[in-house]
A.B. asks: 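The structure under discussion is supplied below as structure tokens; questions concerning it will follow.
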Protein chains: 2
Amino acid sequence: MTKIPEHHPSPDLEGLIGYNLKRAYVTVSDDFRRALKHDNLSPRLFSALALVKAHPGLSQSALARQLGIERSGIVAMIDELEGRGYVIRKPVPQDRRRQALQLTPAGEEAYKIALGKVQAHEARLLGGLDAGQRDALISILQKIRYQKT
Amino acid sequence: MTKIPEHHPSPDLEGLIGYNLKRAYVTVSDDFRRALKHDNLSPRLFSALALVKAHPGLSQSALARQLGIERSGIVAMIDELEGRGYVIRKPVPQDRRRQALQLTPAGEEAYKIALGKVQAHEARLLGGLDAGQRDALISILQKIRYQKT
DNA sequence: TATTGTTATACTCTATAACTATA
DNA sequence: TATAGTTATAGAGTATAACAATA
């Protein structure tokens with residue numbers, strides 16, 4: 001006997017942006033993790049590297065604001081990246097409260113490799129979208145993100 | 001002295017679908033929670049109600065598959081919804097391993113009210129999108145979700 | 001007074017592994 | 001053998017609240 005595929009969504013849910021956003025993110029995130037399993041980089045650690053790379057000297061508080069999370073959550077992330085030798089906390093003489101974050105050469109290299117894998121993962125996973133759809137998607141998502149609520 | 005707004009994203013990150021999906025989902029999810037705070041319904045409990053509503057008699061395992069999570073995670077969710085009197089677990093005589101889930105009248109009513117609030121929240125939050133953008137977004141997100149990886 | 005980094009603590013969501021009862 | 005529900009347990013990713021050092 002052939003198995004009947006279970007497929008019974010809720011029309012209410014399927015019509016909601018929030019539900020579809022969440023499910024799509026889980027799909028992309030799972031594939032991201034598989035793609036960077038060997039590098040042992042989660043999406044959030046990768047994002048932290050990307051921001052420190054783009055803004056050498058960034059403080060931990062500024063990184064937290066940029067990622068949209070509390071600064072207390074940054075500590076363990078930077079501990080981890082520093083432990084791997086990817087990032088250093090550099091004292092700032094002009095403001096002794098701060099730690100200026102920057103990538104080490106090993107961090108630069110690890111980021112470069114990871115970025116290639118991330119872009120390959122997205123190209124593979126989102127290969128079904130044409131360039132127009134991809135740009136439209138990013139533009140709409142940014143409109144949502146940057147919206148004042 | 002005027003404060004300079006901090007705005008230093010990473011070009012790499014801003015170009016990634018995954019990063020934008022995540023950030024957009026957090027925005028929508030936070031607003032959802034604010035909108036349904038009074039009803040004490042999280043996105044996942046709301047989704048569970050929606051699926052039981054759409055498919056009365058659904059088993060817990062089928063609900064888990066539908067939500068894309070493990071069945072062990074469903075137990076506490078249904079405990080909670082049952083405790084509030086929104087859902088009942090009904091024994092199935094033909095298969096005594098199963099519990100058929102269904103909404104109580106109170107659950108139907110709570111869901112109806114919640115659905116209205118959720119739709120209002122999305123209309124408000126996504127008011128900047130025209131109907132075409134909204135449909136395009138849902139269609140692209142579903143394409144990602146339903147993709148075989 | 002306000003901000004930075006930090007710690008302690010707790011909560012939400014989810015996974016894994018094992019068990020039992022049924023099929 | 002396989003599936004349904006369940007429990008115990010653990011992990012990731014957050015938040016809140018407090019504190020010391022510094023601005």
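Just so you know, these numbers use all the heavy atoms, side chains as well, and skip hydrogens, waters and symmetry mates. Chain naming here is simple, since letters A, B, ... match the order of the sequence lines and numbering starts at 1 in each.
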A.B. asks: Using OP1 and OP2 only, check whether a side-chain N or O of A:R96 sits under 4.0 Å from D:dA20.
C.D. replies: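 So the side chain of A:R96 is outside the cut-off, no N or O lying under 4.0 Å from OP1 or OP2 of D:dA20.
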A.B. asks: Just one of A:R65, A:R89, A:Q99 clears the side-chain hydrogen bond (donor to acceptor under 3.5 Å, both in side chains) bar with A:Q60, so which one?
C.D. replies: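 Only one of A:R65, A:R89, A:Q99 forms a side-chain hydrogen bond (donor to acceptor under 3.5 Å, both in side chains) with A:Q60, namely A:R89.
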A.B. asks: Let me know the distance between CG of B:L67 and C1' of C:dC13, rounded to the nearest Å.
C.D. replies: 12 Å
A.B. asks: Measure CD1/B:I69 against P/C:dT12 and give the value in whole Å, please.
C.D. replies: 15 Å
A.B. asks: Start with the C-alpha distance between A:L41 and A:V118, add both sets of side-chain angles, then the distance that settles side chain to side chain contact (heavy atoms under 4.5 Å, CB included), and finish with yes or no.
C.D. replies: CA-CA 10 Å; A:L41 278 178; A:V118 170; over 6 Å; no
A.B. asks: Tell me the interatomic distance from A:M77, atom CE, to D:dT14, atom P, rounded to whole angstroms.
C.D. replies: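 Computing the A:M77:CE to D:dT14:P distance gives 8 Å.
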A.B. asks: Has A:R33 got a side-chain N or O lying under 4.0 Å from the OP1 or OP2 atom of C:dT14?
C.D. replies: no
A.B. asks: Output the rounded distance in Å from CD (B:E70) to P (D:dA8).
C.D. replies: 18 Å
A.B. asks: Below 4.0 angstrom from OP1 or OP2 of C:dT4, is there any side-chain N or O of A:Q99?
C.D. replies: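 It does not, given that no N or O in the side chain of A:Q99 lies less than 4.0 Å from OP1 or OP2 of C:dT4.
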A.B. asks: Answer yes or no: is there an ion pair linking B:K112 with B:E108, defined by an N-O contact shorter than 4.0 Å?
C.D. replies: no
A.B. asks: Want to settle it: does B:D95 or A:L58 sit nearer the 5' end of DNA chain C, counting the closest nucleotide to each?
C.D. replies: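 The answer here is A:L58.
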A.B. asks: Atom CD1 of B:I74 and atom P of D:dT6: how far apart are they, to the nearest Å?
C.D. replies: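 Distance check: B:I74 CD1 to D:dT6 P gives 11 Å.
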A.B. asks: Nearest-Å distance, CZ (A:R34) to C1' (C:dA15)?
C.D. replies: 15 Å
A.B. asks: May I ask you to verify whether the side chain of A:R98 and the base of C:dT4 hold a donor-acceptor pair under 3.5 Å?
C.D. replies: no
A.B. asks: On the nucleotide D:dA4, are OP1 or OP2 found under 4.0 Å from the side-chain N or O atoms that B:R65 carries?
C.D. replies: yes
A.B. asks: Stepwise, does the side chain to side chain contact (heavy atoms under 4.5 Å, CB included) test hold for B:K53 with B:L115?
C.D. replies: CA-CA 11 Å; B:K53 160 88 176 178; B:L115 178 60; over 6 Å; no
A.B. asks: Are any of the side-chain nitrogens in B:R33 or B:D30 under 4.0 Å away from the carboxylate oxygens of its partner?
C.D. replies: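 The answer is no: the pair does not qualify as a salt bridge.
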A.B. asks: Looking at every heavy atom in both A:Y111 and A:A50, which two are closest together, and how far apart are they?
C.D. replies: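 Minimum heavy-atom contact is OH-CB, 3.4 Å.
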A.B. asks: Could you tell me whether the phosphate oxygens of C:dT12, OP1 or OP2, come under 4.0 Å of any side-chain nitrogen or oxygen in B:S42?
C.D. replies: no
A.B. asks: Hey, which sits more toward the 5' end of DNA chain D by its nearest nucleotide, B:S59 or A:G68?
C.D. replies: B:S59
A.B. asks: Establish, with yes or no, whether the OP1 or OP2 oxygen of D:dT14 is under 4.0 angstrom from a side-chain nitrogen or oxygen of A:R44.
C.D. replies: yes
A.B. asks: Nearest-Å distance, OH (A:Y25) to C1' (D:dT14)?
C.D. replies: 13 Å
A.B. asks: Write down the distance between CG (B:L45) and C1' (C:dT14), rounded to a whole number of angstrom.
C.D. replies: 14 Å
A.B. asks: Which atoms of nucleotides 7-10 of chain C (N or O only) lie under 3.5 Å from a protein N or O atom, and what are those distances?
C.D. replies:
none

A.B. asks: Check if the side chain of B:R97 and the base of D:dT3 share a donor-acceptor pair of N or O atoms closer than 3.5 Å.
C.D. replies: yes
A.B. asks: Does B:E14 pair with B:R23 as a salt bridge, N-O distance under 4.0 Å?
C.D. replies: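 Salt bridge flag = no for B:R23 with B:E14.
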A.B. asks: For B:F46 together with A:Y19, are the ring centres under 6.0 Å from each other?
C.D. replies: no
